[in-house]
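All figures in this text were calculated on a predicted structure; none of them were measured in a lab. No hydrogens, no waters, no symmetry mates; every other heavy atom, side chains included, goes into these values.
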Amino acid sequence: MEQKDLRTWEARCTQEEPPKCKARCPLHVDGRELCKMLAADQVDKAWAVLCKTLPFPSVSARICDGICQKDCLRQEVGGGIELAALERFCAENAKRTPPLRALPAKGKKIAVFGANLPGLAAAWDLGKKGFIVTIFCSHKFEGFDALPEGRVEKEFFEQELAQMSKMNISIEEESGVQVEDVFTALYNFDAVFVDPCALDAQKLGLKSVDPTTLKTERDFLFASSDMAGKSPVHLIAAGRKGALSIERALQNASLTAGRDREDPFETKLFTNISKAISVPPVSVPAQGYSAEQAREEAARCLLCECMECVNNCAYLKEFKSYPKAYARQIYNNASIVMGTRQANKLINSCMLCGLCEEVCPENFAMQDLCIEARQDLVKKGHMPQSAHEFAFRDMEFADSSACALIRHQPGHAASSQAFFPGCQLGASDPGAVERAYASLCDTLEGGTGLMLRCCAAPADWAGQQEMFDRKSKAIVQDWESLGKPRIIAACPSCMESLAKALPEAEIIYLWSVFSKKLVNGDSTCKGTLSLQDPCTARHNQVLMNDVRLLLAGNDISFNEPELSGRLTECCGFGGLLANANEPLSAKVAEKRAEKLSDDGVTYCAMCRDLLAKAGKRCLHLLDLLLPSGHEDPAARPAPGYSERRENRVRLKETLLENLWQEKGAPRPGYESVCVEFTPEATTMLEERRIMISDVQKTLLAAEGSGRFMTNADTGHRLTSHRPTVVTYWVEYEQKGETYLVHRVWSHRMHILGGVS
């Protein structure tokens, strides 16, 4: 990722945009942070928020007239926050004011003519920056005389004037501000600001004033047009604008760059208030809020933020930040860290499901960012092999001679269509594949071929473009060997991958075929089911409609969770999450299972199995349309990793024997090793994704070579074997012809030498 790409990604996330109150306030007071502190009874911290933003805060906080209240999102659900009253409460109740630190004097002298709010604000900001400021006015209380009556007592104004005297600011009281004095000052000072309440541009005889910078046709003279009738905060903002322009002019910097948000602006921050409860404002007494009233009013603040994607995605929430920050982390990983395991975990944990893009008001697609990062790291050789190794091995096994099968329908020399069930449906429920294929053969004309293999989704999801291209070529060859038939896919993920691998092919869903044929199931299902749409079906409205048609056509009552259809949630399988971050995958599945109010029904084998693994009773759509006769299919446990592989092997063998009257290939010799597992070993197999076949191979190698160690106390043997790039360790004991395995491990370490 280049830095320009990072900036493009960052711009799509609005989470760091300011809330409306801050954006619309001429002084950009952070009302959200103020309310957060007050709601927590942190008055001094709330006061510090104001002191950080406002000039002469003891006065400014008391005279604010809350012009941003009408822009507050709370306005739509009860009424805008009374920020002006909360500011006054802070000013009157704070026990500690943060120390004001002005920079050392810089030697540059500034003249300010007029001591009303604009002039005092300009002087305050310039004095803080280390400029030597002289205020020329008729008297030092000009600003107080112009304040709204009853808002602030004179003692607070005097306190702020005293503070200004410590900030390189002095006041020269004269009979009044004269036009000629302003122009004379240009010869004696480095820059001049004219308070528009004392002399506006027209009275000065100036022909032009830039409203963005207050620059006039005279160099280093800054003024404003008439501001009569403007609110106090607008007057203060005018002085602040002039101060910034003077600072930039004296630094030979651009007067206009980066000032598009200096005035009140429209923020891009989106905050979902659809579920916000309407709460009316706390009435402001004449004497102002009490502590309890201030807390209550501050607690009404919605604390505006977007976080739509984070609130709806367990993955984004897991890493405790938001997409804009994640984009920076991914950029740093690719450009600086160069792919360490910890940095890659964020990239590899994305489910690539696309829900974030759907709920984001700016369509931030975290899945696109992560897949690009994966592809980049793979290309540069910075993606550790362990990240997705198990998924690749599983994919290769599904495509091996033990599982893969490409055939025309028995008795046919050609195929008008071919059934592509996907490797996970066969791994989950091989009987369902058999029943579905039989139904297609019975109802469709022209011959229905069979393609048992993986669709190459693991390679695609892992960013392994070369691997995906290689697998795609093999899929194309298999398809062409059947005469380029129309493909009927049972899995939404397969549909996506096949569309990339076979752009020429016509690919339709099994459910679309069944909906047109209106397959009538003989299910004993009673009651209502909760429908789980797979995330890979998100943008396929035709598919989702066909599924609903099938359910309704078979008189199956169903409901849908809040996030359904286009907004459906991933089950935790997508993007190879279970390989990269299995604990998070389990959390995602549990989170989704909780949202299904009744027994689940889905049309994705992995959705069904992961929800079942999370403890949710769940059916596959084929359990309803083509039931197996199982008494309670919703209670079928999710098969473990070894069982999934065995199911694929048995599926091919059964189909060959029953349909084509052929025997499958001889089973490998290691399968003759009889093995049993303790409960601890069984758990370790699943957690560490060690196949029973891996254990059998290790035991066969150990007993054949005598390479093992024996524990003198327990009699258990310990051996290791490295059949591929992974070393397996097995602790076992021999009981007659059977091996009892106590514990198993695996890692990528290569053991040099041997054990005896």
Side-chain angles (χ1 to χ4, degrees), residues 26-27 55-56 102-138 140 142-143 161 164-165 167-228 230 234-263:
L27 299 177
F56 36 90
L103 295 176
K106 296 180 177 179
K108 295 288 186 180
K109 298 188 299 179
I110 314 297
V112 174
F113 285 88
N116 287 281
L117 291 179
L120 294 176
W124 180 281
D125 281 6
L126 290 165
K128 276 181 62 177
K129 297 289 182 65
F131 294 99
I132 301 171
V133 183
T134 303
I135 300 175
F136 297 96
C137 57
S138 57
K140 64 181 180 180
E142 268 182 10
L161 289 178
M164 293 174 72
S165 67
M167 298 166 54
N168 311 312
I169 301 171
S170 60
I171 299 178
E172 297 287 338
E173 297 182 78
E174 300 177 351
S175 57
V177 177
Q178 306 299 320
V179 172
E180 56 270 19
D181 295 335
V182 171
F183 291 102
T184 300
L186 287 172
Y187 298 99
N188 302 317
F189 291 86
D190 295 291
V192 174
F193 176 75
V194 183
D195 185 329
C197 296
L199 284 174
D200 58 41
Q202 288 74 21
K203 292 177 181 176
L204 286 168
L206 298 171
K207 296 179 180 178
S208 66
V209 174
D210 184 344
T212 302
T213 64
L214 305 189
K215 182 180 183 300
T216 69
E217 64 261 31
R218 295 291 299 270
D219 289 342
F220 300 104
L221 173 61
F222 296 85
S224 175
S225 56
D226 182 22
M227 297 192 69
K230 292 290 186 180
H234 278 112
L235 294 174
I236 293 172
R240 176 156 283 178
K241 179 177 290 189
L244 178 58
S245 293
I246 286 174
E247 180 184 9
R248 289 191 174 192
L250 294 177
Q251 293 173 343
N252 292 319
S254 169
L255 294 187
T256 57
R259 298 183 74 166
D260 54 312
R261 291 191 162 193
E262 187 175 6
D263 292 327

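Side chain of T216 to main chain of L221: a donor-acceptor pair is present (N/O by atom type, distance under 3.5 Å, no hydrogens or angles).
Here the straight-line distance linking atom NE2 of H234 with atom CG of L27 works out to 9.0 Å at 0.5 Å rounding. To the nearest 0.5 Å, atom CD1 of residue I132 and atom CE of residue M167 are 13.5 Å apart. In this structure, the separation between CG on L255 and CD1 on I246 is 10.5 Å, given to the nearest 0.5 Å.
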Please step through side chain to side chain contact (heavy atoms under 4.5 Å, CB included) for the pair K140 and I135, ending with a clear verdict.
CA-CA 9 Å; K140 64 181 180 180; I135 300 175; over 6 Å; no
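In terms of the side chain to side chain donor-acceptor pair (under 3.5 Å) criterion, residue partners of T213 (sequence neighbours excluded) are, by chain and number, D210. With sequence neighbours excluded, the residues satisfying side-chain contact (heavy atoms from CB on, under 4.5 Å) with S254 are T256, A257. For R261, the salt bridge (Lys or Arg N to Asp or Glu O under 4.0 Å) partners are E17, not counting sequence neighbours. Residues meeting the salt bridge (Lys or Arg N to Asp or Glu O under 4.0 Å) test with D263, sequence neighbours left out: K241. In terms of the side-chain contact (heavy atoms from CB on, under 4.5 Å) criterion, residue partners of E180 (sequence neighbours excluded) are, by chain and number, Q178.
Looking at P26 and I236, their side chains never come closer than 4.5 Å, going by heavy atoms from C-beta outward. Side-chain atoms of K106 and L250, non-hydrogen and from C-beta on, never get closer than 4.5 Å to each other. R240 is listed as a side-chain neighbour of P55, based on a closest heavy-atom distance under 4.5 Å. Counting heavy atoms from C-beta on, the side chains of V133 and V112 come closer than 4.5 Å.
Applying the side chain to side chain donor-acceptor pair (under 3.5 Å) test to pairs two or more places apart or on separate chains, none has a residue in residues 218-228. Residue pairs meeting the salt bridge (charged side-chain N to carboxylate O under 4.0 Å, His left out) criterion with at least one member in residues 243-260, sequence neighbours excluded, are K129-E247, R259-E262. The ring pair (Phe, Tyr, Trp, His ring centres under 6.0 Å) analysis of residues 102-130, with sequence neighbours excluded, yields the pairs F56-W124, F113-F136. Applying the ring pair (Phe, Tyr, Trp, His ring centres under 6.0 Å) test to residues at least two apart or on different chains, none of the pairs has a partner in residues 206-228.
The heavy-atom pair separating G127 from N168 by the smallest distance is O-ND2, 3.4 Å. Residues M164 and A123 approach most closely at CE-CB, 4.0 Å, considering heavy atoms. Nearest heavy-atom pair, L206 versus A223, reported as atom, atom and distance to 0.1 Å: CD1-CB, 4.0 Å. Closest approach of S138 and E173 over heavy atoms only: O-CB, 4.0 Å. When all heavy atoms of I171 and C137 are compared, the pair lying nearest together is CG2-SG, 3.7 Å.
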Expected list for residues 189-204: side-chain donor-acceptor pairs under 3.5 angstrom, two or more places apart:
from: D190; atom 1: OD2; to: K109; atom 2: N; distance (Å): 2.7
from: D195; atom 1: OD1; to: C197; atom 2: N; distance (Å): 2.8
from: D195; atom 1: OD2; to: N116; atom 2: N; distance (Å): 2.9
from: D195; atom 1: OD2; to: G119; atom 2: N; distance (Å): 2.9
from: D200; atom 1: OD1; to: Q202; atom 2: N; distance (Å): 3.0
from: D200; atom 1: OD1; to: K203; atom 2: N; distance (Å): 2.9

